[in-house]
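A short worksheet on the structure shown next.
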Amino acid sequence: MALTVSRLNATSEAADTEIILDINTEIYPMSISDKFTLSLATSLSLDATAANASSAVSGGKKESWRDTSNQKSLADDYEYVMFGKVYKYDETGGKNKASVYVSFGGLLLLISGEPVDVLVGQELYLLMRKNT
């Protein structure tokens, strides 16, 4: 089964952050004129402190990407969600410029802008919704 993938090039409204993102347009079609909100999160839990505490109590057991309970999650407020891992972080672009590279099972994200607090190997959720 081949995926229909498109590569988005976008700039934040404040023009301080640029992204290049591969998305599966078969399940989430995008148009050139679409404006969207993109968020990155380390957990889908609405209470991140509770998620971190339960992870510590359970011996470091990771949060499931597919929540089987009836509790609301961060994903409920978005239309497109991917789970991936940071594979490269580069601050060689200048004093206040960093690039973060994330792979979502082969779909790639590059964020260039102000330095952010992420580590290579860190797992992240990407959440998107179109602005109406």
(request) List for me each residue that meets salt bridge (Lys or Arg N to Asp or Glu O under 4.0 Å) alongside Asp77, sequence neighbours excluded, and say none if there are none. (result) none
(request) Return the set of residues passing salt bridge (Lys or Arg N to Asp or Glu O under 4.0 Å) with Arg129 (not counting sequence neighbours), or none when no residue passes. (result) none
Hey, could you give me the [atom1]/[atom2] distance between [X] and [Y], rounded to the nearest 0.5 Å?
{"X": "Leu126", "Y": "Phe83", "atom1": "CG", "atom2": "CZ", "result": "12.0 Å"}
{"X": "Met30", "Y": "Leu21", "atom1": "CE", "atom2": "CG", "result": "8.5 Å"}
{"X": "Ile23", "Y": "Leu108", "atom1": "CD1", "atom2": "CG", "result": "13.5 Å"}
{"X": "Thr37", "Y": "Asn131", "atom1": "OG1", "atom2": "CG", "result": "3.5 Å"}
{"X": "Glu26", "Y": "Ser6", "atom1": "CD", "atom2": "OG", "result": "11.0 Å"}
{"X": "Tyr125", "Y": "Leu40", "atom1": "OH", "atom2": "CG", "result": "13.0 Å"}

Suppose we screen for side-chain contact (heavy atoms from CB on, under 4.5 Å). Which residues come up paired with [X], at least two apart in sequence or across chains?
{"X": "Ser31", "answer": "Ser33, Asp34"}
{"X": "Ile27", "answer": "Asn24, Tyr80"}
{"X": "Ala75", "answer": "Leu44, Ser73, Val81, Leu127"}

Set of side chain to side chain donor-acceptor pair (under 3.5 Å) partners for [X], sequence neighbours left out:
{"X": "Asn9", "value": "none"}
{"X": "Tyr89", "value": "Glu91"}
{"X": "Tyr87", "value": "none"}
{"X": "Thr11", "value": "none"}

Do any side-chain atoms of residues 109-121 form donor-acceptor pairs under 3.5 angstrom with protein atoms, and if so which ones, sequence neighbours left out?
{"unit_1": "Ser112", "atom_1": "OG", "unit_2": "Ser99", "atom_2": "OG", "d": "3.3"}

(message) Count I, L, V, M, F, W, Y as connected when their side-chain heavy atoms are under 4.5 Å apart, and connections chain through other members. Are Leu107 and Val100 then in the same cluster?
(response) yes
(request) Just grab all the side chain to side chain donor-acceptor pair (under 3.5 Å) pairs involving residues 13-23, residues at least two apart or on different chains. (result) Arg7-Asp22, Ser12-Asp16
(message) Could you report the tightest heavy-atom contact between Phe104 and Gly84, atom names first, then the distance?
(response) CD2-N, 3.3 Å
(request) Taking Thr25 for its side chain and Tyr28 for its backbone only, find out whether a donor-acceptor pair lies under 3.5 Å. (result) no
(request) Would you mind reporting whether Val102 and Met82 have side-chain heavy atoms less than 4.5 Å apart? (result) no
